[in-house]
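Data first, discussion second: the structure below is written as structure tokens.
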Amino acid sequence: MSTLKAADQQISQIRFLALASYLGLLALMLIWQVWCQSDSEFSLTFRLVLWVLPLLFPLPGLLRGKPYTYAWTNFVLMWYYLHSLTMLYVAPAEPGFAVAELVLTTGAFVGCTWYARRQGRALGLGLKKLKDQD
């Protein structure tokens with residue numbers, strides 16, 4: 001009984017890591033694009049569509065705790081991971097936002113992956129092996 005409770009606690013800690021990192025990334029992108037990129041050559045609307053809108057698509061499923069949403073959210077997160085690495089390369093004199101983006105994206109990626117795996121197993125979800133299908 002106590003191992004089941006410990007597993008549930010671990011799953012909720014992993015979910016907290018994923019959600020906190022994801023929501024932190026969303027807040028960072030809003031701050032970065034609205035307040036810190038005011039001199040950009042691109043319009044605010046374009047920047048919000050490019051950097052904030054993709055983060056809003058998986059948000060309802062993440063808040064509901066759906067393991068499948070946590071799994072496919074990693075595809076969205078790769079966009080931000082690549083952006084942070086690119087920014088570190090092209091603008092090494094201003095690494096602040098890029099490092100924060102990299103840390104938050106990595107935390108969200110690890111949390112989403114672990115949560116999808118652990119919660120999916122706890123719910124009995126998963127892919128069937130080819131040898132088990134007839």
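It should be emphasised that the depicted structure is a prediction, and the values quoted were computed from it without experimental measurement. Throughout, residue positions are numbered sequentially from 1 according to the sequence presented.
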To the closest 0.5 Å, what do you measure between CH2 (Trp32) and CZ (Arg47)? 11.5 Å
Do Arg15 and Tyr70 meet the criterion of a side-chain donor-acceptor pair at a distance under 3.5 Å? yes
Which heavy-atom pair separates Ile11 from Ala122 by the least distance, and what is that distance? CD1-CB, 4.2 Å
For Leu25 against Leu104, the heavy-atom pair lying closest together: N-CD1, 3.6 Å
Mind checking whether Val52 and Leu50 sit in one hydrophobic cluster, side chains of I, L, V, M, F, W, Y counted as touching below 4.5 Å? yes
Within this structure, what is the CG-OH distance for the pair Leu102 and Tyr80, rounded to the nearest 0.5 Å? 15.0 Å
Answer yes if Val99 and Val110 sit in the same cluster of Ile, Leu, Val, Met, Phe, Trp and Tyr residues linked by side chain heavy atoms under 4.5 Å apart, and no otherwise. yes
If you define the side chain from C-beta out and look only at heavy atoms, does anything of Leu23 sit under 4.5 Å from Leu62? no
So which heavy atom on Leu123 is nearest to which on Pro67, and how close? CD1-CG, 3.9 Å
To the nearest 0.5 Å, atom SG of Cys112 lies from atom CG of Leu17 at 8.5 Å
Between the CG atom in Leu77 and the OG1 atom in Thr106, the distance rounded to the nearest 0.5 Å is 9.5 Å
Thr105 OG1 to Phe109 CZ distance, which is reported to the nearest 0.5 Å: 10.5 Å
Would you kindly confirm whether Met29 and Leu82 end up in one hydrophobic cluster when ILVMFWY residues are joined by side chain heavy atoms under 4.5 Å apart? no
Between atom CD of Gln119 and atom OG of Ser12, what is the distance when rounded to the nearest 0.5 Å? 9.5 Å
Give a yes or no answer on whether the side chain of Tyr22 reaches the backbone of Pro58 with a donor-acceptor pair at less than 3.5 Å. no
Atom of Met87, atom of Ala98 and distance for their closest heavy-atom approach: CB-CB, 3.8 Å
If we ignore angles and hydrogens, is there a donor and acceptor under 3.5 Å between the side chains of Gln10 and Arg118? yes
Quick one: do Leu56 and Leu26 satisfy side-chain contact (heavy atoms from CB on, under 4.5 Å)? Show the steps, please. CA-CA 8 Å; Leu56 297 179; Leu26 179 61; 4.1 Å; yes
Stepwise side-chain contact (heavy atoms from CB on, under 4.5 Å) test for Leu53 and Leu48: CA-CA 6 Å; Leu53 185 64; Leu48 290 176; over 6 Å; no
Would you find more than 12 non-hydrogen atoms of other residues, nucleotides or ligands less than 6.0 Å from Gln13 atom CD? yes
Around Tyr81, counting heavy atoms of other residues, nucleotides and ligands shown, do more than 12 lie under 6.0 Å from its OH? no
Would you say Phe75 ends up clustered with Trp79 if hydrophobic residues are merged whenever their side chains have heavy atoms under 4.5 Å apart, either directly or through other cluster members? yes
I need the minimum non-hydrogen distance between Ala108 and Asn74, along with the two atoms involved. O-OD1, 4.3 Å
Which atom of Leu88 lies closest to which atom of Pro95, heavy atoms considered: CD2-CB, 3.9 Å
Taking a hydrophobic cluster as the set of Ile, Leu, Val, Met, Phe, Trp and Tyr residues connected by side-chain heavy atoms closer than 4.5 Å, whether directly or through intermediates, do Met78 and Val76 fall within one such cluster? yes
